[in-house]
Amino acid sequence: EAYIGVLIDDLVTKGVDEPYRMFTSRAEYRILLRQDNADERLTRKGYSIGLARQDRLMRLENKEYLIEKIIKYLNGRSVEPAEINEFLKEQGTKEISQKVKAVSILMRPKIDLRMMLKTLGDILKNDIYNVPYINEIIESAEIKIKYQGYIERERNVADKIRRLENIKIPEDINYEELVSISTEGRQKLAKIKPMTIGQASRISGVSPSDVSVLLMYLGR
């Protein structure tokens with residue numbers, strides 16, 4: 001749940017022979033360990049042990065409330081061609097010919113949520129959005145919507161591997177037959193011969209996708 005936790009776990013379980021692990025891009029589940037959601041992952045833990053004040057927790061709760069409100073608005077708001085086509089034209093993307101949900105417009109690669117909300121106007125007229133960190137809220141809402149599929153897929157993989165931590169791996173398994181596992185992953189697995197999925201997932205050079213292939217091979 002924290003990148004520092006990933007680093008500490010690496011030092012304890014994998015040693016220090018691979019300094020590239022210090023880069024966040026090398027962390028498992030890096031789509032979940034994002035800069036924009038660090039407060040969502042860690043503030044409550046910090047508050048529970050006295051590292052974060054009450055006002056910081058309240059700020060997080062207000063942020064989460066407003067993010068959810070924007071997401072619900074976009075999923076429920078229908079957009080007419082007359083009110084959005086000029087904006088779409090300015091952004092260099094295809095205009096619409098009939099009413100569509102606002103969220104489908106946002107899913108387009110060239111569309112920026114902040115600019116789209118200004119074009120639609122109605123939601124930003126509410127005084128509740130006059131908060132000093134509104135840009136942070138809008139950015140988080142946009143990331144959650146645009147990358148929802150990737151985020152959910154990675155969370156499902158992480159949850160699955162956690163649930164299957166103690167699944168046994170047969171001693172006579174031939175890793176060379178598992179061509180969908182990376183070459184480095186096959187070599188490390190064959191050399192170390194982990195007894196469980198949990199042990200396999202902590203081998204340096206064995207990626208989460210390698211573990212997923214191994215789980216499929218084991219019928220899980």
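Note that the structure is predicted; figures quoted are calculated from it, not measured.
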### Query
What pairs meet the salt bridge (charged side-chain N to carboxylate O under 4.0 Å, His left out) rule with one or both residues in residues 89-109, with sequence neighbours excluded?
Glu80-Lys99
#### Entry: In one Ile/Leu/Val/Met/Phe/Trp/Tyr side-chain cluster, 4.5 Å: Val213, Leu218
yes
### Task
Look at the side-chain heavy atoms of Ile, Leu, Val, Met, Phe, Trp and Tyr, link any pair under 4.5 Å apart, and say whether Leu57 and Leu42 land in one connected group.
no
### Query
Are Asp112 and Glu142 close enough that some pair of their side-chain heavy atoms sits under 4.5 Å apart?
yes
### Query
Is there a chain of hydrophobic side chains (I, L, V, M, F, W, Y, each step under 4.5 Å between heavy atoms) that links Ile192 to Ile169?
yes
### Task
Test the Arg53-Tyr47 pair against the cation-pi criterion, namely NZ or CZ under 6.0 angstrom from the six-membered ring centroid and within 45° of the ring axis.
no
### Pair Asn62, Tyr133: side-chain N/O donor-acceptor within cut-off below 3.5 Å
yes
### Message
I need the minimum non-hydrogen distance between Gly205 and Ser182, along with the two atoms involved.
### Response
O-OG, 4.2 Å
### Query
Out of curiosity, does Ile67 fall in the hydrophobic cluster containing Met58 (side-chain heavy atoms, cut-off under 4.5 Å, transitive links)?
no
### Donor-acceptor pair, side chain of Asn37 and main chain of Arg34, under 3.5 angstrom
yes
### Query
Hey, is Glu61 close enough to Arg56 for a salt bridge, meaning N to O under 4.0 Å?
no
### Query
Can you tell if the side chain of Ile134 reaches within under 4.5 Å of the side chain of Leu66, non-hydrogen atoms only?
no
### Query
When you look at Glu177 and Tyr217, which way does the side chain to side chain contact (heavy atoms under 4.5 Å, CB included) test go after all the steps?
CA-CA 10 Å; Glu177 294 179 351; Tyr217 176 80; 4.2 Å; yes
### Message
Has Ser140 got a side-chain atom pairing as donor or acceptor with Glu136's backbone, closer than 3.5 angstrom?
### Response
yes
### Query
Counting heavy atoms not belonging to Gln54, are there more than 12 under 6.0 Å from its CD?
yes
### Query
Are any of the side-chain heavy atoms of Glu83 and Val79 separated by less than 4.5 Å?
yes
### Task
Answer yes if the side chains of Asn166 and Thr196 hold a donor-acceptor pair under 3.5 Å, and no otherwise.
no
### Message
A side-chain contact here means heavy atoms from C-beta on lying under 4.5 Å apart; do Asn75 and Ile145 qualify?
### Response
no
### Atom CD of Glu176 with >12 non-hydrogen neighbours under 6.0 angstrom
yes
### Message
Run the side chain to side chain contact (heavy atoms under 4.5 Å, CB included) test on Val131 and Lys63 for me, step by step, so that the C-alpha distance in whole Å, both residues' side-chain angles and the decisive distance to 0.1 Å come before the verdict.
### Response
CA-CA 9 Å; Val131 294; Lys63 174 187 172 182; over 6 Å; no
### Sub-4.5 Å side-chain heavy-atom contact between Val103 and Lys146
no
### Message
Quick check: do Arg186 and Leu189 have side-chain heavy atoms less than 4.5 Å from each other?
### Response
no
### Query
Are Glu1 and Arg44 within salt-bridge range, i.e. N to O under 4.0 Å?
no
### Query
In the hydrophobic clustering (ILVMFWY, side-chain contacts below 4.5 Å, transitive), which residues join Met195, or is it alone?
none
### Side-chain heavy-atom pair Leu88, Ile111 within 4.5 angstrom cut-off
yes
### Query
Do Gln199 and Ile203 come close enough that some side-chain heavy atom pair is under 4.5 Å?
no
### Query
Does the pair Ile197 and Glu165 meet the rule for a side chain to side chain contact (heavy atoms under 4.5 Å, CB included), with working shown?
CA-CA 5 Å; Ile197 289 294; Glu165 169 83 10; over 6 Å; no
